[in-house]
Amino acid sequence: MKIRVRFAPSPTGYLHVGGARTALFNWLLARHSGGTFVLRIEDTDLARSTEASVQAILDGMRWLGLSWDEGPDIGGPYAPYFQMQRLDTYKHYVDRLLNEGHAYHCFCSKEELDAMREEAQKKGEAFSYTGRCRNLLPEIAQRLREEGRQPVIRFKTPTEGETVVEDLIHGSVSFQNALLDDFVLVKADGVPTYNYAVVIDDATMEITHVLRGDDHLSNTPKQILIYQALGLPMPQFGHIPMILGQDRARLSKRHGATSVMAYEEAGYLPEAMLNYLAKLGWACGDQEEFTVEELIEKFTVAGVNNTAAVFDQAKLDWLNGVWMRRLPTSTLVERLKPRWAARGWLTERHTDEWLNALVELLKERARTLVELVDYSTFFFDVPIEYKPEAVEKFLVPENRAILEALRDRLPKAEPWDLATVEGVFRNLASELGVKAGAVIQPARVALTGSTASPGMFETATLMGPELVAKRLQGALELMAAKV
RNA sequence: GCCCCCGUGGUCUAUCGGUUAGGACACCACCCUUUCAAGGUGGUAGGACGGGUUCGACUCCCGUCGGGGGUACCA
């Protein structure tokens, strides 16, 4: 049987890292097995669902490269893929439940329910809907309707026995039916609740495996009861552990960025994000680095563990660095161009060849694209920041002669290439009878504003004679002004 | 409160009754070195606790504690 999995977010916000990992695991299972990955939008929460969120989620999925085979924008054999467009289907099945005695109309108002809940709490008892409307006489139901009461439809949960979830990740988990109450299937406005709609959709879309967050494990017995009442074939369930913040509380805005697109903005690479997310809750021996292809090849549900994991920014940073080094320089250049352009730094001088050389120099020093752009500042003809500690240490009178000599000689280096530039530095050092470092460090500060940079010869060469002359002159003026 | 899940270094994890408990991030030291990175070598640090079962438990069972989730006309 061909595997069909789905990712079913509710469009009430952006795609967050937890959702992204759920999507990833489903996607990997589909791609690993040659199955189908369905994207379904669960928009039954009318108050919170927005079109903007749908777009935000699709953007996040696209950035990560999690392509879907059926879904909102592309349709598919089980369309539509928005729950609010599937109301007829839900109506059809709930009528069956009603007719077959598995569901009933309930006229209890929200106020009445709240009162009951409060009372139960006062008595220290667990509240669960008692089924007050289970056996309403038709005349009474009719009268309530005439009074203008809009009923909800509740599921008639068995009062005894137990329901067992056979979970791919947790094994058998059983629940006492008596502890489950007569939950709502269809709200008063005719919109289905999550627990009901998800069953109908997964069944009618012929989903074979439901991989979703741990937070749904407790909902699963209710869903199983609906499958059984309707005689619908059940998918296999797998509940993957939650992602927590540093304080072990459920990941939320408090913990910093949770939106995957916020990571895109911050300069993280989708390759690294995918790699990190996959490793969070899934392992394959001791391997840490995975390309998407390797993930697809090696992913199995059996490899997913069952313990909640803390999202570790430091490890993501490291992995992003790994991918910065791993990706071809030209790929990085293409992704960086828009960021440099946004700062208005690109000119005709900055050919692909030059940019490649630049990235070659910086990619192993930056952990994110944003860091690389920041780091690249001094290579462009823009004002740079001179770090006070660096200035204080190296732009001092004792180094004046060195910097003047460099200013006079360096721009005249001919031809302008690495060997010639290096020669100027080394010759000056031996002339003065000092170590190369004594010449290089002041020059580094003068050219970059900092004591840390890529190799001095490479840096100066790439900057070009004009900028080098300008910066050295500027540094000398800075020194003069300081005295 | 009740129900469910989970519990290996600070963090992510390997182990599927017998290992000097392995790897990665982070941290520290050293090496490399014109600085910074990257890279290399080494180091600090772990089976929540208490009972069982067993010749032998991180591993199986029970309890406690801790964390998470559910208990909505949210999903």
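The partner of C55(B) is G18(B), by the rule that a Watson-Crick or G-U pair needs both atom distances under 3.5 Å. Across all strands shown, C49(B) forms a Watson-Crick or G-U wobble pair, both distances under 3.5 Å, with G63(B). Pairing partner, C27(B): G43(B), with both Watson-Crick or wobble hydrogen-bond distances short of 3.5 Å. With a cut-off of 3.5 Å on both Watson-Crick or G-U wobble distances, the partner of G1(B) is given as U71(B). Pairing partner, U8(B): none, since no Watson-Crick or wobble contact has both distances short of 3.5 Å.
Listed by first and then second residue, the salt bridge (charged side-chain N to carboxylate O under 4.0 Å, His left out) pairs involving residues 448-457 of chain A amount to none (not counting sequence neighbours).
Comparing G23(B), U34(B), C3(B) by their nearest atom to the side chain of E288(A) picks out G23(B). Relative to the side chain of A309(A), the nucleotides C12(B), A75(B), U35(B) differ in distance, and C12(B) lies closest. Among the nucleotides C3(B), C73(B), A38(B), the one closest to the side chain of V152(A) is C73(B). Comparing A38(B), G7(B), A75(B) by their nearest atom to the side chain of H216(A) picks out A75(B). Among the nucleotides C73(B), C6(B), C3(B), the one closest to the side chain of R154(A) is C73(B). Distances from the side chain of K110(A) to the nucleotides U11(B), U13(B), C73(B) place C73(B) closest. You'll find that the side chain of A283(A) is closest to U13(B), out of C12(B), U13(B), A75(B).
By the salt bridge (charged side-chain N to carboxylate O under 4.0 Å, His left out) test, D114(A) is found to be paired with R117(A), residues two or more places apart in sequence or in another chain being considered. Annotation: side-chain hydrogen bond (donor to acceptor under 3.5 Å, both in side chains) contacts of K222(A) (sequence neighbours excluded): none. Qualifying salt bridge (charged side-chain N to carboxylate O under 4.0 Å, His left out) partners for E398(A), counting only residues two or more places apart in sequence or in other chains: none. Shown here are the side-chain hydrogen bond (donor to acceptor under 3.5 Å, both in side chains) partners of Q176(A), two or more places apart in sequence or in another chain: E162(A). Scored by the salt bridge (charged side-chain N to carboxylate O under 4.0 Å, His left out) test, D317(A) finds R367(A) as partners (sequence neighbours excluded). Remark: E389(A) engages no residue in a salt bridge (charged side-chain N to carboxylate O under 4.0 Å, His left out) (not counting sequence neighbours). Listed by chain and residue number, Y14(A), T258(A) satisfy the side chain to side chain contact (heavy atoms under 4.5 Å, CB included) test with H16(A) (two or more places apart in sequence, or in another chain).
Between A14(B) and A48(B), the distance separating the two P atoms is 15 Å to the nearest Å. Distance check on atom C1': G52(B) versus U59(B) gives 15 Å, rounded to whole Å.
R325(A) comes within 4.0 angstrom of sugar-phosphate atoms only, judged by non-hydrogen atoms across all strands, and of no base. Base contact: N219(A) has a heavy atom under 4.0 Å from a base atom. Counting non-hydrogen atoms under 4.0 angstrom, V310(A) reaches the backbone sugars and phosphates but no base. Among the protein residues, C108(A) comes within range of the nucleic acid bases, having at least one heavy atom under 4.0 Å from a base atom.
Rounded to whole angstrom, the span from the CZ atom of R21(A) across to the C1' atom of U13(B) amounts to 13 Å. Atom NZ of K222(A) is separated from atom P of C4(B) by 14 Å (rounded to the nearest Å). A75(B) atom P lies 12 Å from atom CG of L185(A), rounded to whole Å. Spacing between atom CD of E112(A) and atom P of A72(B) amounts to 17 Å, rounded to whole angstrom units.
In this structure, W68(A) has its ring center at least 6.0 angstrom away from the ring center of Y81(A). The aromatic ring centroids of Y93(A) and H102(A) lie 6.0 Å or more from each other.
In terms of modelled atom types and a separation under 3.5 Å, the side chain of E294(A) and the main chain of T291(A) share a donor-acceptor contact.
Put simply, CZ on F175(A) and CG on L225(A) are 11.5 Å apart, with the number rounded to the nearest 0.5 Å.
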Output a table of nitrogen or oxygen pairs between the protein and nucleotides 18-22 of chain B separated by less than 3.5 Å.
unit_1: G22(B); atom_1: N2; unit_2: D286(A); atom_2: OD1; d: 2.9

Atom pairs, N/O to N/O, protein against nucleotides 62-68 of chain B, distance under 3.5 Å?
none

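Between the side chains of R444(A) and Q441(A), at least one donor N or O sits under 3.5 Å from an acceptor N or O.
Contact check, H170(A) against C6(B): a side-chain N or O comes under 4.0 Å of OP1 or OP2. Here R367(A) does not reach the OP1 or OP2 of A37(B): none of its side-chain N or O atoms lies under 4.0 Å away. The phosphate of A75(B) has OP1 or OP2 within less than 4.0 Å of a side-chain N or O from K187(A).
Non-hydrogen atoms lying under 4.0 Å from RNA chain B are contributed by D312(A), A314(A), K315(A), W318(A), all within residues 311-321 of chain A. Residues from residues 445-457 of chain A lying near RNA chain B, meaning a heavy-atom separation below 4.0 Å, are T451(A), A452(A), S453(A), P454(A), G455(A), M456(A), F457(A) in numerical order.
Cation-pi geometry between R154(A) and Y129(A) is met: under 6.0 angstrom from the ring centre, within 45 degrees of the axis.
Two residues, R365(A) and L280(A), neighbour RNA chain B, and the one matched to the more 5' nucleotide by heavy-atom proximity is L280(A). Nearest-nucleotide positions on RNA chain B place S172(A) closer to the 5' end than the other of S172(A) and W282(A).
Considering only heavy atoms from C-beta on, R212(A) comes within 4.5 Å of V198(A) through its side chain.
Side-chain N/O atoms of S218(A) and base N/O atoms of G69(B) include a donor-acceptor pair closer than 3.5 Å. For A75(B), its base never sits under 3.5 Å from the side chain of D215(A) at any donor and acceptor pair.
Residue-environment remark: NZ (K387(A)) stays at or below the threshold of 12 foreign heavy atoms within 6.0 Å.
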